[in-house]
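These numbers were taken from a predicted model, which means no experiment stands behind them. Quick note on labels: first sequence line is chain A, next is B, and so on, each numbered from 1.
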Amino acid sequence: MLDRDGLDCGVLAGPAVEVAPRLLGSVVRRGRVAVRLTEVEAYQGALDPGSHAYRGRTPRNAVMFGEPGHLYTYFTYGMHTCANVVCAPGGTASAVLLRGGEVIEGADDARARRTTSRSPADLARGPALLATALGITLDDGGCDLAVGPVVLELREPAVAVASGPRTGVSGPGGDARFPWRFWIPGDPTVSPYRAHRPRRAPADASG
DNA sequence: ATTAAGATCAACT
DNA sequence: GTTGATCTTAATG
């Protein structure tokens, strides 16, 4: 389990809120593209109203309930794939959402996957953009991060880490009681914070 | 089978 | 600041 092919699974064995800041500065690689993580969010399984695992195990989130060191992918908003690193002891369904990073290798490949991009810093600035830059799809879900095709290379954690409420999480899991978003302060590849917005009209006036 | 909502991004004003 | 795009998943009948 420990030090398996360079991926020290002991680091991933703790609670997501401890693992998440520890991953800042580490590198995710797929094919020729490598991303240095600058922004992540922790999701703590059944205890976390913001987690996909909150309402129990389903076919979609089954990977989260498995062993640490695997990739949990999901598809959202009709067009976007997002990637998580499963952590904590197996069965706790905890994971760290990879929200942003700096493309340090393979920028040409990453850019080719984008229809628009204004600057190199935008290539992986946001969870869906990060997945796109690496070419991660739903088919990569469940992959062993020590073996690939998506590989996690642990590095020395970032020294400066900021934290705050999670982005895009609706309901009770998104408020300040869960300051489980972690980022490297001042880094240009951290995604802009956007509070959750309801997608339907807030209320009808004829009420 | 049908419906409602989603851990978002990009374009437009 | 606001709004549209677009597909998967899970819950319900």
What residue among A/P15, A/S51, A/C87 forms side chain to side chain contact (heavy atoms under 4.5 Å, CB included) with A/Q44? A/P15
Before you tell me yes or no, could you show the steps for A/S191 and A/E39 under side chain to side chain donor-acceptor pair (under 3.5 Å), namely the whole-Å CA-CA distance, both residues' side-chain angles and the distance that decides it to 0.1 Å? CA-CA 8 Å; A/S191 69; A/E39 181 191 1; 2.9 Å; yes
Which pairs with one or both residues in residues 36-57 of chain A pass ring-ring contact (aromatic ring centres under 6.0 Å, His included), sequence neighbours excluded? A/H52-A/Y74
Measuring from A/S94:OG to A/M64:CE, what's the distance to the nearest 0.5 Å? 7.0 Å
Can you find a side chain N or O atom of A/R194 that sits less than 4.0 Å from OP1 or OP2 on B/dC9? yes
Residue A/P59, side-chain atoms from C-beta onward, closest of B/dC9, C/dA10, B/dA7: C/dA10
All N/O pairs under 3.5 Å across the protein-nucleotides 11-13 of chain B interface:
residue	atom	partner	partner atom	Å
B/dA11	OP2	A/R118	NH2	3.1

Do A/V40 and A/L98 touch side chain to side chain, with heavy atoms closer than 4.5 Å? yes
Using OP1 and OP2 only, check whether a side-chain N or O of A/R125 sits under 4.0 Å from B/dC9. no
Does anything in residues 123-134 of chain A pair up under salt bridge (charged side-chain N to carboxylate O under 4.0 Å, His left out), and if so which pairs, sequence neighbours excluded? A/D122-A/R125
For A/R114, answer base if it contacts any base atom (sugar-phosphate contacts may also be present), sugar-phosphate if it contacts only those atoms, and nothing otherwise; contact means non-hydrogen atoms under 4.0 Å. sugar-phosphate
Scan residues 11-26 of chain A for pairs that pass side chain to side chain donor-acceptor pair (under 3.5 Å), counting only residues two or more places apart or in two chains. none
Filtered N/O pairs between nucleotides 11-13 of chain C and protein, under 3.5 Å:
none

Whole-Å distance, A/I136 CD1 to B/dA7 P, equals 18 Å
Without decimals, in angstroms, what is the distance between A/L130 CG and B/dA7 P? 17 Å
Taking the side chain of A/L129 as heavy atoms from C-beta outward, which of B/dC9, B/dA7, C/dT8 is closest to it? B/dC9
In DNA chain B, stems of three or more consecutive pairs, Watson-Crick or G-U, each with both distances under 3.5 Å, turn out to be B:1-6 with C:7-12, B:8-12 with C:1-5
Stacking check A/Y77 vs B/dT8 (5.5 Å / 30 deg): yes
Heavy atoms of A/C82 and A/N84 approach each other most closely as O-ND2, 4.2 Å
If you only use heavy atoms from C-beta on, which nucleotide in C/dA5, B/dG6, B/dC9 is closest to the side chain of A/M79? C/dA5
Distance, rounded to the nearest Å, where A/Y74 contributes OH and B/dT8 contributes C1': 9 Å
Qualifying residues under ring-ring contact (aromatic ring centres under 6.0 Å, His included), relative to A/W180, sequence neighbours excluded: A/F178
Got A/I136 and A/L71 here, is their nearest side-chain heavy-atom distance under 4.5 Å? yes
Sorted by position of nearest nucleotide on DNA chain C, 5' first, the leading residue of A/H80 and A/L138 is A/H80
Are any non-hydrogen side-chain atoms of A/I104 and A/V27 less than 4.5 angstrom apart? yes
Hey, what else clusters with A/L129 if you join Ile, Leu, Val, Met, Phe, Trp, Tyr whenever side-chain heavy atoms sit under 4.5 Å? none
Tell me, please, which residues at least two apart from A/R155 pass side-chain hydrogen bond (donor to acceptor under 3.5 Å, both in side chains). A/E153
Checking one residue: A/F75. Which other hydrophobic residues are in its cluster under the side-chain 4.5 Å linking rule? A/L138
Between B/dA7 (P) and A/R60 (CZ): distance, integer Å: 7 Å
Rounded off to whole Å, could you give me the CG-to-P distance for the A/L98 and B/dT8 pair? 13 Å
Check DNA chain C against residues 16-53 of chain A and give the residues with a non-hydrogen atom under 4.0 Å, in numerical order. none
Classify the nucleic acid contact of A/R166 as base, sugar-phosphate or nothing, counting any heavy atom under 4.0 Å across all strands shown. nothing
Would you indicate which nucleotide in B/dA7, B/dG6, C/dT9 comes nearest to any side-chain atom of A/R99? B/dA7
Side-chain hydrophobic cluster, 4.5 Å single linkage: members besides A/V151: none
May I have the distance from A/R113 (atom CZ) to B/dA10 (atom P), rounded to whole angstrom? 15 Å
